[in-house]
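What follows is a short report on a single structure.
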Amino acid sequence: MALSFHITLVCSIFFFFMIYPSIAKTSSNNKPKALVLPVTKDSSTKQYLTQLSQRTPLVPIKLTVDLGAPFLWANCDVGYVSSTYKPARCGSAQCSLADTNDCRDCFEFPPGPGCFNNTCRLYPENTINGQTLITGVVSHDTLSLQSTNGFNPSKFVTVPKSIFVCSESRLGTLDDLASGVTGMAGLGRTKISLPSQFASAFRFPKKFAICLSSSTTSNGVMFFGDGPYVLLPGLDVSKNLIFTPLIRNPVSTASSPQKEEPSSEYFIRVKSVKINGKTVPLNKTLLTIDSAGFGGTKISTVKPYTELEASIYNKFISVFEKQVGNHVPKVAPVAPFGLCYKSKSFDSTRVGAAVPPIDLVLQKKSVFWRIFGANSMVQVSNEVVCVGFVKAREDFPPKTPIIIGAHQLEDNLLQFDLDHSRLGFSSTLLSRQTTCANFNFTSNA
Ligand SMILES: *[C@@H]1O[C@H](CO)[C@@H](O)[C@H](O)[C@H]1NC(C)=O
Ligand SMILES: *[C@@H]1O[C@H](CO)[C@@H](O)[C@H](O)[C@H]1NC(C)=O
Ligand SMILES: *[C@@H]1O[C@H](CO)[C@@H](O)[C@H](O)[C@H]1NC(C)=O
């Protein structure tokens with residue numbers, strides 16, 4: 001009894017001191033429950049971009065969204081002016097959060113953002129063209145974005161000391177990124193990705209959602225924090241999600257990993273693929289992640305179309321073709337696709353061309369992600385539609401045989417719940433008469 005009283009007292013004192021500073025810190029900030037960012041589909045590169053504000057005074061920065069990337073990186077050696085910029089000194093809390101003790105000095109440039117002595121480094125990757133960019137200085141600065149009640153954007157909030165990696169603009173770090181973009185926004189499974197940092201700054205659930213618009217003229221949306229996520233005409237798409245576990249790949253999937261670490265990307269367990277209910281006879285070994293990190297299924301916003309390992313692709317296309325039937329004539333394929341038809345061969349429905357539905361069967365038979373025409377087919381010209389899946393390189397097979405790409409994600413809401421390591425997905429919102437372009441971006445602040 002005396003002992004338990006003692007422990008209770010010690011615990012209360014401990015918790016008082018643990019919690020008190022956070023109350024003091026956030027009360028002035030009027031703690032938001034969720035944050036919101038627009039996601040634009042760039043018309044020339046088809047990359048998905050977002051924009052937030054950084055530095056003091058604040059400057060808008062445009063970034064390519066990379067769902068699986070470990071952190072935000074941005075060029076900051078040219079024209080970077082900020083009174084709140086700080087590099088992370090070796091051994092600091094930021095370096096340990098970033099999980100790096102790769103400490104370096106800088107001789108190449110005058111001191112300034114991107115070049116300081118005794119700073120820890122990470123390796124930003126341009127995942128659009130696969131280039132790893134020498135090194136970048138782990139840094140922090142103020143970020144600013146809008147809070148939301150799930151219906152509209154609301155007041156701007158600032159995230160002080162937000163960690164990012166400063167890259168250099170020489171060496172073509174921005175090659176192949178959309179015009180105006182100065183880096184990439186990583187939403188991956190690390191402590192320094194944007195979702196993790198926002199959740200810990202405002203103590204909301206470690207959840208975020210992404211909804212990519214198929215249109216290059218109306219914005220899609222990203223939410224950080226829990227729902228509601230409301231799309232016009234008033235549908236809360238955080239409800240009625242289907243859930244599947246997020247799988248950890250124990251081995252980095254970066255193009256040139258610098259150390260042994262788990263992948264920051266989001267993997268799910270696809271157990272089989274069905275087209276019109278017919279199982280695609282694929283090599284099951286490829287569907288599980290082995291101890292070297294090969295195998296499995298991941299989700300990507302930087303691959304425009306779902307990419308399948310060659311043997312999977314061939315079987316997939318042959319089953320699709322059979323399910324469409326011989327009575328529908330094929331036309332010459334248009335690269336990068338391998339199977340195309342005349343558009344007028346298919347009726348058009350609310351969920352796209354009336355083609356055989358594709359099911360990614362997940363943890364059990366009754367749980368599947370159904371892909372309809374709007375997400376399976378790509379209109380390549382007025383007359384021609386193609387099956388919007390591509391074959392991975394055969395000479396250099398990918399580590400991950402199924403990479404679900406952006407075209408298949410459009411107008412689907414995906415919620416990544418990192419607290420419970422699960423993915424919630426809506427399947428196509430077109431069947432519910434809304435789209436990812438239907439968030440009301442008029443501020444109610
Ligand atoms: C880093 O330290 C070296 C040696 O002391 C010095 O020459 C160099 O200018 C310093 N670089 C920066 C960016 O401060
Ligand atoms: C299935 O894939 C694994 C991994 O690539 C390979 O070792 C095996 O030979 C394949 N099995 C068949 C039947 O093709
Ligand atoms: C969008 O939100 C604004 C601000 O709350 C509101 O005035 C407007 O009616 C909304 N638009 C629609 C189409 O509901």
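Atoms within a ligand are numbered from 1 in the order they appear, just like the ligands themselves. Any value given below was found using the heavy atoms of this structure, including those in side chains, with hydrogens, waters and symmetry copies removed.
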Nearest non-hydrogen protein atom, [atom]:
atom	value
atom 5 (O) of ligand 2	L286 CD2, 3.5 Å
atom 4 (C) of ligand 1	F107 CE2, 4.0 Å
atom 11 (N) of ligand 1	C106 O, 2.8 Å
atom 14 (O) of ligand 3	L232 CD2, 3.6 Å
atom 10 (C) of ligand 3	N440 ND2, 2.4 Å
atom 2 (O) of ligand 2	N283 ND2, 2.3 Å

Task: Neighbour count above 12 (heavy atom, 6.0 Å) for N149 CG - done: yes
Open item on the list: Just checking F416 against Y266, ring centres under 6.0 Å apart?
Closed with: yes
Open item on the list: Suppose I only count heavy atoms of C115 and a 4.0 Å limit; which atoms of ligand 1 are within that range?
Closed with: 13 (C)
TODO: Run the numbers for me: atoms of ligand 1, each under 4.0 Å from some heavy atom of N117, listed by number.
DONE: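 Those qualifying, in numeric order: 1 (C), 2 (O), 3 (C), 8 (C), 10 (C), 11 (N), 12 (C), 14 (O).
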Task: Intermediate values then yes/no, salt bridge (Lys or Arg N to Asp or Glu O under 4.0 Å), D102 and R121 - done: CA-CA 6 Å; D102 180 355; R121 306 297 175 101; over 6 Å; no
Open item on the list: So that I can tick it off, tell me whether D417 and R422 are bridged by a salt bridge, with the cut-off set at under 4.0 angstrom between side-chain N and carboxylate O.
Closed with: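 Salt bridge: yes.
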Task: Heteroatom proximity flag, T285 to ligand 2, N/O under 3.5 Å - done: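 No; the residue has no nitrogen or oxygen that sits under 3.5 Å from a nitrogen or oxygen of the ligand.
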- [ ] Please state whether the sulfur gamma atoms of C120 and C103 sit closer than 2.5 Å to each other.
- [x]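 No, C120 does not link to C103 through a disulfide.
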TODO: Check whether any N or O atom of N152, backbone or side chain, sits under 3.5 Å from an N or O atom of ligand 3, and answer yes or no.
DONE: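 For ligand 3, there is an N or O atom that lies under 3.5 Å from one belonging to N152.
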TODO: Please say whether the positively charged group of K399, taken as NZ for Lys or CZ for Arg, lies over the ring of F294, i.e. under 6.0 angstrom from the six-membered ring centre and within 45 degrees of the axis.
DONE: yes
- [ ] Measure across D175 and N126 and return the closest heavy-atom pair with its distance rounded to 0.1 Å.
- [x]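 Scanning both residues completely, I find the closest heavy atoms to be O-ND2, 2.9 Å.
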